[in-house]
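Quick caveat, the model's predicted, so the values are computed rather than measured. Residue indices begin at 1 and follow the sequence shown.
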Amino acid sequence: MDDLRNQDLIPVSVDKEMGGFRHTLPRKVQLELKYFQVSKGKKRLVEAGLYFDELCTTQQPEHFGGSTNILDMMQERGISSCDVDINGNIKSQGYELEIQYYPLGWFDLLNRFEFGGFVYFVFFTLVGLTICSIGGFVYGMNRLLTKLRHPPQFMGSSLIKLVSQPQIEGGALAVIPYMAAILIIHSLFNDSTFTFSSIHRDWSKGGKVGDKEQIENAMGRLGSAFIVLGVYTVYRATQKLIPVAQVSRVDATSEMKGDSGNLAAKRAHFLWIGLSIQAILVCLWEFSYSDIFRNNIYRFKVLFQLCQMLLDLVISHIMGDRLIAAPLLVSMQMAELFITIGARNFVEFTLSFLVEVSLVVVQRLFLYPLIKSIMTLWPRWKLLASQAFDSEGLTRQEKQNRESRWKKVNEDIELRSEGVEPLLDSLSIYSVEKTGHFLLPFMCLLLMLLYTETEMAMSYNITQHELLYYGFFFFFFFFMF
């Protein structure tokens with residue numbers, strides 16, 4: 001598609017239903033031209049379609065020696081034989097050509113990325129203002145309905161400075177060397193000027209390497225190098241997230257021995273959870289390529305958002321430390337946002353993104369606090385249930401133990417509900433989502449670089465030129481979300 005744009009050519013789609021029949025000729029051909037009315041006296045062709053109608057089979061009639069099976073098959077499809085002369089030959093191979101041309105609407109042109117960059121900048125700004133208005137409406141309603149006598153001031157700028165500045169600095173320190181490593185690997189194994197292109201992948205083969213084999217070798221070596229880079233990155237991340245000092249502190253407090261064994265167990269536990277999450281995300285990506293997801297994207301966005309919230313709570317509980325679980329949660333956030341480009345067009349992608357924002361608002365205001373309240377109050381409910389079913393025949397010592405347990409549970413609930421824990425939970429959720437938004441533009445750039453190697457954008461029917469606009473969209477809304 002990008003090569004066609006560079007050569008001032010347009011793509012032509014051929015009729016899928018009537019264009020693939022063998023042993024047939026069309027008697028009527030329709031050429032559909034769609035154009036962009038740039039100005040009053042200027043039109044620009046955008047795309048074209050070729051459709052066939054009134055097909056007839058080229059097989060001779062049966063009494064002239066035509067195939068009976070083919071004629072019966074054509075008869076079932078409603079295709080009759082072409083007119084023949086007395087010798088059984090087709091009288092004419094001519095057809096009627098009908099040319100139709102019409103201008104595309106505004107949204108159709110927007111979906112095909114035919115406008116200039118300024119139009120999309122204005123469009124992104126309007127969508128960003130819509131998102132800001134949603135946030136302002138929610139904040140205004142909470143401010144009006146609050147029961148606090150002295151409600152706190154809005155600290156939006158301080159929150160942005162507190163969260164965004166470390167994310168930009170830390171993300172840049174991580175992304176720049178990683179992207180540099182990817183560019184070096186790509187140029188090393190995908191450039192024919194290096195000596196690797198003349199080396200066979202099989203040691204037993206000799207002679208000159210063919211062009212097709214060079215492409216296969218480059219793809220295989222490139223993929224193997226990326227796998228090695230990914231495994232090394234995960235290994236180093238595990239060492240940094242679970243250092244020896246942290247495990248030593250845990251062992252000192254719990255009076256455990258064997259630091260090396262406990263360290264290996266914690267790191268292996270983290271690696272296993274990470275690989276399991278990646279396997280789930282790969283299945284999610286594969287499903288997002290299907291027409292089922294494309295035609296029901298809003299329903300699946302709601303379902304995936306609920307599943308992501310549950311996985312967030314489960315992973316944080318399993319890992320025991322939200323800081324360790326943060327990289328896994330960021331990868332889930334990125335995958336859940338990126339599959340939105342599987343929408344049928346750019347306008348539907350924008351609408352699904354707005355649905356995503358609305359779901360995040362509902363999640364933060366209602367679902368997360370509800371689940372956190374249930375998890376906080378669960379020990380009290382469990383203790384009340386045990387007292388209700390096992391309250392007879394208790395000794396004085398058992399009653400005192402139960403009262404002390406009840407007092408301790410209530411104190412823990414008060415600390416979790418009224419302390420700094422709710423604020424830290426809210427800040428960690430926002431930080432994870434913000435980090436996912438920050439990394440998405442770089443992911444789009446990476447897919448543009450590896451467009452033919454990964455085939456991910458191809459599976460979404462998105463070209464490199466269109467992928468650039470999606471990257472700008474994610475970059476723009478990192479500062480708006």
Within a reach of under 6.0 Å around [atom1] of [X], are more than 12 heavy atoms found that belong to other residues, nucleotides or ligands?
X: Trp106; atom1: CH2; value: yes
X: Tyr139; atom1: OH; value: yes
X: Leu306; atom1: CG; value: yes
X: Phe115; atom1: CZ; value: yes

- Task: Decide side chain to side chain contact (heavy atoms under 4.5 Å, CB included) for Gln37 and Lys42; before the verdict, give the C-alpha distance in whole Å, the side-chain angles of both, and the deciding distance to 0.1 Å.
- Result: CA-CA 6 Å; Gln37 188 73 44; Lys42 182 181 179 181; 6.0 Å; no
Heavy-atom side-chain contact between [X] and [Y] under 4.5 Å:
X: Ser331; Y: Leu281; result: yes
X: Tyr298; Y: Leu351; result: yes
X: Val234; Y: Thr238; result: yes
X: Glu114; Y: Arg44; result: yes
X: Met74; Y: Thr24; result: yes
X: Leu104; Y: Val46; result: yes
X: Leu450; Y: Phe226; result: yes
X: Phe52; Y: Val14; result: yes

- Message: Ring centres under 6.0 Å, that's the criterion: do Phe472 and Tyr120 meet it?
- Response: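 Ring centres of Tyr120 and Phe472 not closer than 6.0 Å.
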Can you label the angle between the [X] ring and the [Y] ring as parallel, tilted or perpendicular, going by 30° and 60°?
X: Tyr235; Y: Tyr232; result: tilted
X: Phe124; Y: Phe346; result: tilted
X: Phe287; Y: Phe293; result: perpendicular
X: Phe473; Y: Phe353; result: perpendicular

Could you tell me which non-hydrogen atom of [X] sits nearest to which non-hydrogen atom of [Y], and how far apart they are?
X: Leu323; Y: Leu241; answer: O-CD2, 4.3 Å
X: Gln167; Y: Phe438; answer: O-CE2, 4.1 Å
X: Tyr95; Y: Lys28; answer: CB-N, 4.4 Å
X: Tyr51; Y: Gly49; answer: CE1-C, 3.8 Å
X: Leu222; Y: Glu453; answer: CD2-CG, 3.5 Å
X: Ile462; Y: Leu467; answer: CG2-N, 3.7 Å

What I want to check is whether the side chains of [X] and [Y] have a donor and an acceptor closer together than 3.5 Å.
X: Thr463; Y: Tyr451; result: no
X: Tyr470; Y: Glu466; result: no
X: Glu98; Y: Gln100; result: yes

- Message: So that I can tick it off, tell me whether Arg27 and Glu96 are bridged by a salt bridge, with the cut-off set at under 4.0 angstrom between side-chain N and carboxylate O.
- Response: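 Salt bridge: no.
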Taking atom [atom1] of [X] and atom [atom2] of [Y], what is their separation to the nearest 0.5 Å?
X: Ser352; Y: Glu356; atom1: OG; atom2: CD; answer: 8.0 Å
X: Ile79; Y: Thr58; atom1: CD1; atom2: OG1; answer: 10.5 Å
X: Gln75; Y: Ser80; atom1: CD; atom2: OG; answer: 7.5 Å
X: Asn142; Y: Leu365; atom1: CG; atom2: CG; answer: 6.0 Å
X: Leu440; Y: Leu445; atom1: CG; atom2: CG; answer: 11.0 Å
X: Asp15; Y: Glu32; atom1: CG; atom2: CD; answer: 10.5 Å

- Message: Among residues at least two apart in sequence or on other chains, which ones pass side-chain hydrogen bond (donor to acceptor under 3.5 Å, both in side chains) with Asp72?
- Response: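 With sequence neighbours excluded, Asp72 shows a side-chain hydrogen bond (donor to acceptor under 3.5 Å, both in side chains) to no residue whatsoever.
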- Taking it one step at a time, do Cys444 and Phe338 satisfy side chain to side chain contact (heavy atoms under 4.5 Å, CB included)? CA-CA 9 Å; Cys444 291; Phe338 188 78; 4.0 Å; yes
Can you tell me if [X] uses its side chain to pair, donor with acceptor, with the backbone of [Y] under 3.5 Å?
X: Asp83; Y: Ser92; result: no
X: Ser224; Y: Arg221; result: no
X: Ser358; Y: Leu354; result: yes

- Message: Evaluate Trp285 against Ile339 for side chain to side chain contact (heavy atoms under 4.5 Å, CB included), listing each step before the verdict.
- Response: CA-CA 7 Å; Trp285 265 321; Ile339 62 173; 3.4 Å; yes
- Query: Got a sec, which pairs hit salt bridge (Lys or Arg N to Asp or Glu O under 4.0 Å) with one end in residues 332-348, sequence neighbours left out?
  - Reply: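 The answer is Lys301-Glu336, Arg344-Glu348.
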- Query: Passes side chain to side chain contact (heavy atoms under 4.5 Å, CB included), Met309 versus Leu367? Steps please.
  - Reply: CA-CA 9 Å; Met309 181 184 62; Leu367 296 181; 3.5 Å; yes
Can I get a per-line list of side-chain donor-acceptor pairs under 3.5 Å for residues 311-319, giving both atom names and the distance, sequence neighbours left out?
unit_1 : atom_1 : unit_2 : atom_2 : d
Asp312 : OD1    : Ser316 : OG     : 3.3
Asp312 : OD1    : Arg322 : NH1    : 3.0
Asp312 : OD1    : Arg322 : NH2    : 3.3
Asp312 : OD2    : Arg322 : NH2    : 3.2
Asp312 : OD2    : Tyr368 : OH     : 2.5
Ser316 : OG     : Asp312 : O      : 2.8
Ser316 : OG     : Arg322 : NH1    : 3.0

